[in-house]
Amino acid sequence: MLRVSGLARRHREASRALFTDLGFAIAAGEIVALVGESGIGKSTLLNCIAGLDTPDRGSIEIGAPAVDIVRLGEAARAALRARNIGFVFQAFHVLPTLTVAQNIGVPLLLAGVPPAEHASRTQTLLTRVGLPGFGDRWPASLSGGELQRVAIARALVHRPGLILADEPTGNLDPRTASQVLALLLERVRDQQASALIVTHSQHVAESCDRILTLTPQGLQ
Amino acid sequence: MRILVSWLIRAQFRSRRTATLLSMLAIALGVALGYSIHLINEAALADFSRAMKTVQGEPDAVIAARDSAGSVPLQRLDEISRDPEVLVAAPVIETRVRIGSLRTPFRLIGIDVFSAAAMMPGLLPRESERPDRVGILDGGIHASPALLAELGVQAGASLTLLRGDRRWSATIAGDVPAAGPDDLLLVADIAWVQEHFGPPDAVSEIRVRLAPDTDAAGWRTRVAALLPPGLLLRVAADDSERASNLSRAYRVNLNVLALVALLTGAFLVFATQLTAVAQRSTEFALLGVLGLPPRMRLLQVLLEGLAIGLPGALLGLGLGYALALAFTQLLGADLGGGYFSGSAPVIVPQVAPACGFLLLGCAASLAGAAYPAYLNLRQPLVEALSNGFSARPQVVRNRRRQLVLPLSLSLLAGALLQLPALFGLPLAAYAAIALVLLIGIAGAPLVTQQVFRWVADWQLPAPQRIALQNVAQAPLMAQVAAAGLIVSFALTASMVIMVSSFRVAVDHWLDHVLPAPLYVRSKASPLPQDLLTALDGADTPFVRVERSAHGALTLDPQRPPVALLVREIERSNPAARLPFSGALIAPPADLPVVWISEATHEIYRMAPGQTLRLPLLGREVEVFVGGVWRDYARQFGALVISRDDYQRLGGDFRPSDLALWPRPGQEAAAGEWLAPHALAHGLEVAESAAIRQLSLSIFDKSFAVTYALEAAAMLIGVFGLAVTLTASVWLRARELATLAALGFDRRMLRRALMLEGALIAIVGLLIGLVCGIAIGAVLTHVVNPQAFHWRMPLTVPWLTLLAGAAATLLAAVFASQQAARQATRLPLAQVLASSQ
């Protein structure tokens, strides 16, 4: 569950308002697309929700019971991200020095999941994203589509309540992009998580339950 | 979290194997040198202490003469023995004798067996079981097992003992079983020694054991106050302190060199960790986004530093032990310093110092990782995730502000250099040296920007211009690469300057103190009278002969004695024979004059023009200090007095050394004339050229360890440059790919990167040279006088330094070439595609 209320943020260097009074909510199990022109503030909004950027005003409540991430300190925000948020990036960001299984295991370590559960959860997720037996492989030997599947498994393995995805299919060819998107949506629904997907792709946006469009006047 | 930490550490080691291994080795080298120096010194001191205990026992007090030519009257022994608080008073006479044809003199210790049994059990003789044995009280002498082995004789054998012109025959009655394996000594009855060697009605020392429950400190204070000026009372702790003082400054200097190795190790950890942080900034940013707490981003880099330092330090301890064993074999127990000659210590690993050096190695490694860890913490996550490591160009906005740090550090260093030695050590000067290095590093960006910003405007081909512009902006990686070379070249250049200054000074000094072509010395005793009489004859092949006698004066029981040199020198013209370092003051006609060495001047605060009371010839004598002369041979001080003054004071001038000037054309005849005397009396005859050569070879040996460290420092500096340049290629992959897209071919990229590496090296070497000369001046003008009381003019060996700089520059260009090759292997199209 995610609830954003009265959110305002100015562009730090250009000194203009990116958004002034944003408010929206995403229910558990709901998948929402966030679209808008380049530079309008989509990524800044996503970063504010993840606690990686600080809004000038407003609140962002995550999970149940709800915690306002804006009011937390840096360490507490990191802890909230570790427990409640999963990320999927356009550039995959799979750690090249860790194996596939270790990459997927990182959120489990950060969320404090007992080590006895790690292997079974990792294997289950690898199977679900269509990469059974890939656990001991190094990222350098994987294709772009496979890397994004690893990233999806990593985003879901610790069972977060909120998935944040920034252009998750932006670096993939159309066929692979469709497969990866279908997988992402299916797994998010499986886990009854909320998801906010930033995208420029009409196809991705239309695949979601709802579309939010960020404009200079606010959300539409 | 521990699992994640271990994954990341293992991944770091896997991907940066060579850099990590070399960082470990550098830390190991620093720890190894420090630990080995400590082990060798501890072993040497323990051996010295054991030898002292064997010969001296464990007395509560020792009463001895301050002047080596003096003695303790027997009357004093009677008084001490009658003291109700004294349990045992053991008299000892000690002298040196030669045995047969052997040149080396050996200790002959005369004891009273009854008092020695209570006081010095280590010296108690064991009679032979031969039926024809001669007991110690019958004039038999006892040799230590080591001496018996050296001579290849057994009990019952007859020995010829020689001292000066005289010789005695003695029979070996047995051995001294408790003597150590290196103790070469003879023990005889004190009456027998006194009868044959003197002194009459006196002994060398009285060793005192006090009755139980006696206030030992109070007794010592009371008795010391009653002693005449020519005698002193010392305790066993004074001997240990004296032995420790003997090599203290030398040890500290070697330990500082070990710290230099640790510092360069810390710098290599810094370069490795900084490049690791820069290369993995996206990974760390991702982990931060996924929920890694901020303090863990800091801790992770520190732990990786520790993961280099801990095994490095452990390896260093093992290596240190091995080095200690090897050094004692190759250089002796004193590492070529000449303080513990003759002792052969057993190296024993020690836990507490090992823990200390282990911590020091870890601390150096953590210090090296601290700034990269801080940078890792400060990286903005979102920016690092998208664009990688953020190392923005340093633009000179306010030159005045940039000057504040180097100028403040310079003022602080200047103030530190005004401070005197603390605890007898040049600690403030060492701190000033560290500051000079910091000034060099802190000033590097300013120098780089000022020089290359001006050059960057020149009309040059594209690769050269790009390289110049990049260096002019002094990005972080260029600063790191230059800083490595600044530190390593500054330390190397300073050591080269210091050693060169010292060597040139010693060379000139030898010219002055070795005016004669030929020298004769008697090690054991005064020169034989028949030689001295023969030299006075008219038919010798010598045109001039100068005699001198050597003794020692104990001015402070906790310090090694000061050498007393009695020389045939003119009161009115001492500068003809002594290298004075300051003005000479003409003495009053009625006072004897002494000329003091620089060490005596500084240790005992004596100054020219002063009138002093010295414990000479068993009494206090008033003398005038006529001047200060330079002496590199006797670190603990020396006094020269003319033969005429010495004899006027009632001294018995018995020369032990001769300086001889052969008549022109009779050099060969002079050697032939001396040969029979040398053979008969075990004299050492040497030409001044040979003495000079030997002195300089001893000098070179004692500084041998510094050459190895200089080489290690330069290797580390060049390696640091290679690591940072290679890393910077990866960090600037997008920039290089963009240049390629704009029309740079791979050859142009390679040329630009090589030029950039060479320019950084030139900046590093230039600043390193300036810092090196400054540190060399501090070592020469402050550290050496404060630690060793040696003063010398600064000599900068430009040719050696420039050759070293050129070699380093070549190595740096080679390292840049390797980095540039990496650039040409970059998958440029892929890099461009991934950065869109």
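Residue numbering restarts at 1 for every chain, and letters A, B, ... go by the order of the sequence lines. Note that the coordinates shown come from a computational prediction; the quantities given were computed from them, not determined experimentally.
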K.L.:
Is A/E186 atom CD crowded by more than 12 heavy atoms from other residues, nucleotides or ligands, each under 6.0 Å away?
P.N.:
yes
K.L.:
Who among B/T282, B/L287, B/L4 has the most heavy-atom pairs with chain A under 4.5 Å?
P.N.:
B/L4
K.L.:
Take A/T97 and B/R280 through the test side-chain contact (heavy atoms from CB on, under 4.5 Å) and record every step on the way to the result.
P.N.:
CA-CA 10 Å; A/T97 50; B/R280 294 184 301 163; 5.6 Å; no
K.L.:
Does A/D173, at its CG atom, have more than 12 non-hydrogen atoms belonging to other residues, nucleotides or ligands within less than 6.0 Å?
P.N.:
yes
K.L.:
Out of curiosity, B/E383 CD to A/L52 CG, how far, rounded to the nearest 0.5 Å?
P.N.:
13.0 Å
K.L.:
Counting N and O atoms only, with roles assigned by atom type, does the side chain of A/R83 sit under 3.5 Å from a partner on the main chain of B/G291, one being a donor and the other an acceptor?
P.N.:
no
K.L.:
If we define contacts as heavy-atom pairs under 4.5 Å, which of A/P160, A/G86, A/P96, A/G170 has the most with chain B?
P.N.:
A/P96
K.L.:
Should A/V106 and B/L290 be marked as a side-chain contact (heavy atoms from CB on, under 4.5 Å) after you check the CA-CA gap, both sets of side-chain angles, and the distance that decides it?
P.N.:
CA-CA 8 Å; A/V106 167; B/L290 293 181; 4.2 Å; yes
K.L.:
Listed by chain and number, what are the side-chain contact (heavy atoms from CB on, under 4.5 Å) partners of A/L125, not counting sequence neighbours?
P.N.:
A/A153, A/L156, A/V157
K.L.:
Report the C-alpha distance between B/L286 and A/F89 in whole Å, list the side-chain angles of each, state the deciding distance to 0.1 Å, and finish with yes or no for side-chain contact (heavy atoms from CB on, under 4.5 Å).
P.N.:
CA-CA 10 Å; B/L286 173 73; A/F89 306 94; 3.4 Å; yes
K.L.:
Do you know which of A/P115, A/A78, A/A50 has the most heavy-atom pairs under 4.5 Å to chain B?
P.N.:
A/A78
K.L.:
If I compare all heavy atoms of A/R81 with all of B/G288, which pair ends up nearest, and what's the gap?
P.N.:
NH2-O, 2.8 Å
K.L.:
So which part of A/R77 gets closer than 4.5 Å to some heavy atom of chain B, the side chain, the backbone, both or neither?
P.N.:
neither
K.L.:
Taking side chain as everything from C-beta outward and backbone as N, CA, C, O, which of these in B/V289 sits under 4.5 Å from a heavy atom of chain A? Side chain, backbone, both or neither.
P.N.:
both
K.L.:
Output all residues satisfying side-chain contact (heavy atoms from CB on, under 4.5 Å) with B/A28, sequence neighbours left out; order by chain, then residue number.
P.N.:
B/L315
K.L.:
Where does B/L381 contact chain A at under 4.5 Å (heavy atoms): side chain, backbone, both or neither?
P.N.:
side chain
K.L.:
Other residues, nucleotides and ligands only: do more than 12 of their heavy atoms fall within 6.0 Å of CZ on B/R17?
P.N.:
no
K.L.:
With rounding to the nearest 0.5 Å, note down the distance linking CH2 in B/W7 to CG in A/L95.
P.N.:
10.0 Å
K.L.:
Count the heavy atoms belonging to other residues, nucleotides or ligands that lie under 6.0 Å from CZ of A/R137, then report whether that count exceeds 12.
P.N.:
yes
